[in-house]
Amino acid sequence: MQEAKAQFAQRLRDAMAAAGYEPKPAVLEREFNTRHWGKPMTLHGVRRWLLGETMPDHRKLATLADWLGVPAQELGYGDEGGHRVRERQPQWHSGLGYQDKELFDIYLRLPVPKRRLARDVILAIARAHAAEEAERTGKD
């Protein structure tokens, strides 16, 4: 397993360099956290990826692969196959119109702190709406 982690670290460093980024923890932390939806990675955490001490889970691997423009399978496991990482297309895209898709694209280009703020606003509106609906249906 240690060899697999070391090989992943080398592929990650190589992919970063090929994409024009210095393979340094501070660069990886900044770039990863601006693209990944979820709990941000710490400087120490991404440093461990670069040193081959740990490997990211499949969601983080998919974010890294998307950012660096390499297949997740290749980044995570190399060319030897064996393991398969399948990236599913989100189903929620199918019911969206052009304006919704455009809004999501804009949202995804925002820095993570701004995305969190937008998410909090949307959740507050949704909770208020749910409360209004519950009150309305409770009175009928």
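Keep in mind that this is a model prediction, so the values were computed, not measured.
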**Q.** Point-to-point distance, once rounded to the nearest 0.5 Å, from CG of Leu43 to CG of Leu28
**A.** 9.0 Å
Q) Distance from Leu61 atom CG to Leu12 atom CG, nearest 0.5 Å? A) 9.5 Å
Q) Parallel, tilted or perpendicular: which fits the ring planes of Tyr107 and Phe104, with parallel below 30° and perpendicular above 60°? A) perpendicular
Q.
Using every non-hydrogen atom in the two residues, find where Met41 and Phe32 come nearest and quote the distance to one decimal.
A. CG-CE2, 3.4 Å
Q) Which atom names give the shortest non-hydrogen contact between Ala65 and Pro71, and what distance separates them? A) CB-C, 4.0 Å
Could you state whether [X] and [Y] fall into the same hydrophobic cluster, counting links through intermediate Ile, Leu, Val, Met, Phe, Trp or Tyr residues with side-chain heavy atoms under 4.5 angstrom apart?
X     : Y      : value
Tyr21 : Leu51  : no
Trp37 : Leu110 : yes
Trp49 : Val27  : yes

Q: Scan for salt bridge (Lys or Arg N to Asp or Glu O under 4.0 Å) pairs involving residues 37-62, sequence neighbours excluded, and state none if there are none.
A: Arg48-Glu53
Q.
Applying salt bridge (Lys or Arg N to Asp or Glu O under 4.0 Å) as the test, list every pair that has at least one member in residues 116-130; sequence neighbours left out.
A. none
Please enumerate all residues that pass side-chain hydrogen bond (donor to acceptor under 3.5 Å, both in side chains) together with [X], with sequence neighbours excluded.
X      : result
Glu133 : Arg136
Glu3   : Gln7
Lys114 : none

Q) Can you list every pair that meets side-chain hydrogen bond (donor to acceptor under 3.5 Å, both in side chains) and has a residue in residues 22-32, with sequence neighbours left out? A) Glu22-Lys24, Glu31-Arg35
Q.
Taking Pro40's backbone N and O only, do any of them form a donor-acceptor pair with Asn33's side chain (distance below 3.5 Å, no angle check)?
A. no
Q) How far apart are the C-alpha atoms of Phe8 and Leu64, what are their side-chain angles, what is the distance that settles it, and do they pass the side-chain contact (heavy atoms from CB on, under 4.5 Å) test? A) CA-CA 12 Å; Phe8 164 75; Leu64 289 168; 4.2 Å; yes
Q: Go through Leu50 and Met16 one step at a time and tell me if the side-chain contact (heavy atoms from CB on, under 4.5 Å) criterion holds.
A: CA-CA 10 Å; Leu50 288 171; Met16 287 180 70; 4.1 Å; yes
